[in-house]
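Note that the structure is predicted; figures quoted are calculated from it, not measured. Computed from heavy atoms alone, side chains included, the values below leave out hydrogens, waters and symmetry copies. Residue numbering restarts at 1 for every chain, and letters A, B, ... go by the order of the sequence lines.
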Amino acid sequence: MDAFQYIGKSVVKVDGREKVSGAALFTEDIEFGSDLLYAEVVEGSHAHAMINSIDISEAMKVPEVLSIVTGKDFPYNFGLYMNDRYIFAQDRIRFFGEQIAVVIARTPQAAKKAAQLVRVNYTPLPKVLNPLDAIAAGAEIIHPDLGQYAHVPWFFPEAGTNIAHHRKIRKGEVDKGFEDADYILEDTYEVPRYSHCAIEYHAAVAKYDHSGRLTVWASSQSPNTQRNLFAKALAPLGIRHNDIRVIAPHVGGGFGSKAGVTMEIMAAAIAIKVQGHPVKIMWNREREFYNTYQRLGVVAKLKIGVKKDGTITALKHDLYWDAGAYVEYAANVVNAVGLSAIGPYNIRNVSIDSYCIYTNLPPGGPYRGFGYSEFLFGLESHITRIASHLGIDAVEMRKKNMIKEGDLTAYGAHMNPNGLSEAITKVAKEIQWNKKDRSSDPNLAVGKGFALFWKAPAMPPNASSSCFLKFNEDASINLLVSGVDIGQGFLTVMAQIAAEILTVPTSKIRTENPDTDRNPYEWQTVASHVTWGCGNAVRNAAIDARDQIFSLVSRSKFLPIEDLFLEDEKVKCKTQPSFELRLRDFIIQGIQMGDGTFRGGPIIGRGIFMPEFTSTNADPDTSQGGHPNVHYTVGAAAVTIQIDKQTGRMNILKVVEAVDVGKAINPDLIKGQIIGGLLQGISTVLYEEMKFDHRGKMLNPNFTDYKIPTALDIPDEIVPIIIEVNQPDGPFGARGMGEHPMIPVAPMIANAIEDALGIRIKSMPITAEKLCLEILKTNPKTPQ
Amino acid sequence: MKKISFILNGEKRFIHVEPNEILLDVLRDRMGTKSPKCGCDSGDCGACTVMLNSKTARSCMIFAIETDGQEIVTLEGISKSGLTPLQKIFLEQNVFQCGYCAPGMILSATELLGKNPHPSRYEVQEALAGNLCRCTGYTPIIDAVLELTKKQV
Ligand code: FES
Ligand code: FES
């Protein structure tokens, strides 16, 4: 293969120095001067209620309060895939803590004080806190207007019910598949809600100046999508796209929570009420938990039929999602899972029903893994259970049924090239799958678990990326893109792609954080697609710049264009070894001819990318016919755990994970994603648990009561394995992998627990307490 | 309002503070020192870590008025004369992702190595356990600290 200079190298992150020196500025670090105003939210105190009246008279008396904004001021709805959200509650609130009004004041203290004095009069409504209750006969309807909301054409809301979307797959003959089976396993798995817990809060500052220009600084994964949704929601006020500028400084962690639009739209809207002043709205840790997106909960009913030899004959997967009060983004999680809930298997007869169900809990939304962690918990538990029932090795069972290049997915498209088989083999070898580890201490049990995973980006078929590449006089480069570095290393990977093509070192390339006025369009930084999508745009921009360079040199130096090539920031010629021209000598200034005139001018590369082969046109009753996903990233993972039988405490002795990344553009960054993603996944199994009371109020919205792991809570050994089966349409063969490391963790641990103790846990989380109670149930004599 | 003074990153600073003003807010909003971050406001995350009289402290849990006459160092102070060997190895090994935890994490690791130049793996884990990081899984940070201590015999 080609020897690359920058691709495949663990170059130092282009934003690394800023991050380790304390220089990096996040949204809250930017100064806005003494005219800055502060906004405080008035939150609803019911999970479901009609708002009769809002009395702001006492609150307005607080000194230094400028304005109080309520739903009346902005009677507009919005949303990413379905317009079911409001900037502020209108006539009703649908989850505990929903924003009803905002107080704007000169100081945060005045704003807080006044917010407590806003009096809201409610008529409580019956609330629905669980998806199965929400679809029971006679359930309270949370969105009576569901039938009126605009939505993307691939959603199928059922007006008059709490089902906001229903994705159906029908493939082959499912009944016959089960008739042909020698063994059928049917069970229900439950996965609760989780919180992203990025350490940086959401923050937004907006200024609507006297010329009518609206600038928003936001901690965001989606600056262009924010601008688009702000413009659409505020269009009745005469605000257009080019009036709005969204600037996204460094982001202190996202994991999906800062995708789409959440609290930022309040900043954009209220700025209009205090024209001329910047106004800041900051979330706090509590609101990070209960008023941003949460990962959806799910109840999954799974039925799989197999032949005696382990061949899967049919799968039926019914998923009931607790999608929360607003599903403008969550409905696409449900959709994505509906399309992919057969997992990385080749199954002929399939029935999937994925229901997006409104509940009176905080809005569900994108979270690293986009629903795949949730359905894989059941699916990968099921596969291991079936294998042990049949007496087949769990890894062999997976190898037998795994999907291969060219096989059909559940919706009838062909599977992309992939290294799943290699991943399985390497993981099994590294974890020593064939060797049973047992503890000599009778109080300790050791077990191993295995799981596969796959995930495709979930995007509209026209999600696109673009790039401007500008040279400077010294041949250094400013790369303008609108993807966001949320820690995954996006800025660096884009620099590496441009560096490779233009032979300019990454240390001379500055990839700029997004500013919608300056940087060209990117749909959003989600779905693990920016390495692939935006990477293609950057590659195209670099090739465009290179073409311009060669054309200029060819016409001014009279050299055949096809003989020119780049090396070490110089143009060279295959047929004239003595010729070389440094980029810095002409890249801005041009090339001088014999008569004193110049040719050329600043070289500016332009690149775009849109996956032109995708389509969501399909039969709504079967989902057959379209090509909704660009490709899948696959892999395998395994774990060895040790369980203290007296306390239920689990120790992760070793975890191995292999991901087929297509091409590892920066191996350090990929290993970082694997190690970090694994711990995030482990945390959802062992530690994290949201508690809601009977009113639908979250009881533990803080890091004292909602535990995320510390440096003491990590596996003893982690082995990341990189597999590289090129993605033909990826930049240098790369495909995305940022979300994937966390998604096989839950079933892999559940499988290891069963291996160790013979106990099958079918609901998450699996805390030490829960496991200990299960151990006591099976063996009440265990010492207490 | 009370006038207090402290040494911040080597420079004597004077400021009038209310008795209930939090050190983190004073550093960020009134002193222009932005590296200490807020990640919880309740002592759980360590993003607001500063060095108070050479010991790490959570600036969200301290009233500014308590620091009268004391010495405070933030990551800006550490970086003043170029990156330290610890910052350099963190940079070279790409240990941080979003970097929001980095200011606190670097101060905690710096304190550890000052007290104990050859810590065990467990001692590094313990020293960093007060700094939450949601991105990295900690292992790359711990590995880099240990590698540095091996280099510096
Ligand atoms: S902000 Fe001080 S410990 Fe979290
Ligand atoms: S690198 Fe993101 S929180 Fe530590």
Sub-4.5 Å heavy-atom contacts with chain B: which residues of residues 278-287 of chain A show up?
A/R285
Identify the residues of residues 483-494 of chain A whose heavy atoms come closer than 4.5 Å to a heavy atom of chain B, ordered by number, or report 'none'.
A/I486, A/G487
Region of [X] in contact with chain B, defined by heavy-atom distances below 4.5 Å:
{"X": "A/L669", "result": "side chain"}
{"X": "A/P709", "result": "both"}
{"X": "A/V251", "result": "backbone"}

Between the side chain of [X] and the main-chain N/O of [Y], is any donor-acceptor distance below 3.5 Å?
{"X": "A/R17", "Y": "B/L83", "value": "no"}
{"X": "B/Y100", "Y": "A/F26", "value": "no"}
{"X": "A/Y201", "Y": "B/C40", "value": "yes"}

Can you confirm whether A/K19 sits close enough to B/Q97 that some side-chain heavy atom of one is under 4.5 Å from a side-chain heavy atom of the other?
no
Rounded distance [0.5 Å steps], [atom1] in [X] versus [atom2] in [Y]:
{"X": "A/K13", "Y": "B/F96", "atom1": "NZ", "atom2": "CZ", "answer": "10.0 Å"}
{"X": "B/C135", "Y": "A/L679", "atom1": "SG", "atom2": "CG", "answer": "11.0 Å"}
{"X": "B/T136", "Y": "A/Q680", "atom1": "OG1", "atom2": "CD", "answer": "11.0 Å"}
{"X": "B/T139", "Y": "A/I675", "atom1": "OG1", "atom2": "CD1", "answer": "5.5 Å"}
{"X": "A/D15", "Y": "B/C98", "atom1": "CG", "atom2": "SG", "answer": "10.0 Å"}
{"X": "B/R28", "Y": "A/E31", "atom1": "CZ", "atom2": "CD", "answer": "9.0 Å"}

Among the options [options], pick out the one with the most heavy-atom pairs lying under 4.5 Å from chain A.
{"options": "B/V124, B/L128, B/L91", "answer": "B/L91"}
{"options": "B/I106, B/D44, B/I142", "answer": "B/D44"}
{"options": "B/P36, B/G137, B/G39, B/A102", "answer": "B/G39"}

How close do [X] and [Y] get, heavy atom to heavy atom, and via which atoms?
{"X": "A/V20", "Y": "B/S79", "value": "O-OG, 4.4 Å"}
{"X": "A/I708", "Y": "B/R134", "value": "CG2-NH1, 3.6 Å"}
{"X": "A/I714", "Y": "B/Q125", "value": "CG1-NE2, 3.6 Å"}
{"X": "B/A129", "Y": "A/L712", "value": "CB-CD1, 3.7 Å"}
{"X": "B/N94", "Y": "A/D668", "value": "ND2-OD2, 3.2 Å"}

Among [options], which residue has the highest count of heavy-atom pairs closer than 4.5 Å to chain B?
{"options": "A/G677, A/P715, A/G252", "result": "A/G252"}
{"options": "A/I682, A/D29, A/V11", "result": "A/D29"}
{"options": "A/C197, A/G253, A/G16", "result": "A/C197"}

So for atom NZ, which belongs to A/K113, do other residues, nucleotides or ligands contribute more than 12 heavy atoms lying within a distance under 6.0 Å?
no
Can you confirm whether A/K112 is buried at NZ, in the sense that more than 12 heavy atoms of other residues, nucleotides or ligands lie under 6.0 Å from that atom?
no
Working note: B/K34 + A/E28, criterion side-chain contact (heavy atoms from CB on, under 4.5 Å); need CA distance, chi angles, decisive distance, verdict.
CA-CA 9 Å; B/K34 300 289 189 181; A/E28 225 232 320; over 6 Å; no
So, using side-chain hydrogen bond (donor to acceptor under 3.5 Å, both in side chains) as the criterion, who are the partners of B/S108 when residues are at least two apart?
B/N131
side-chain hydrogen bond (donor to acceptor under 3.5 Å, both in side chains) partners of A/S21, counting only residues at least two apart:
none
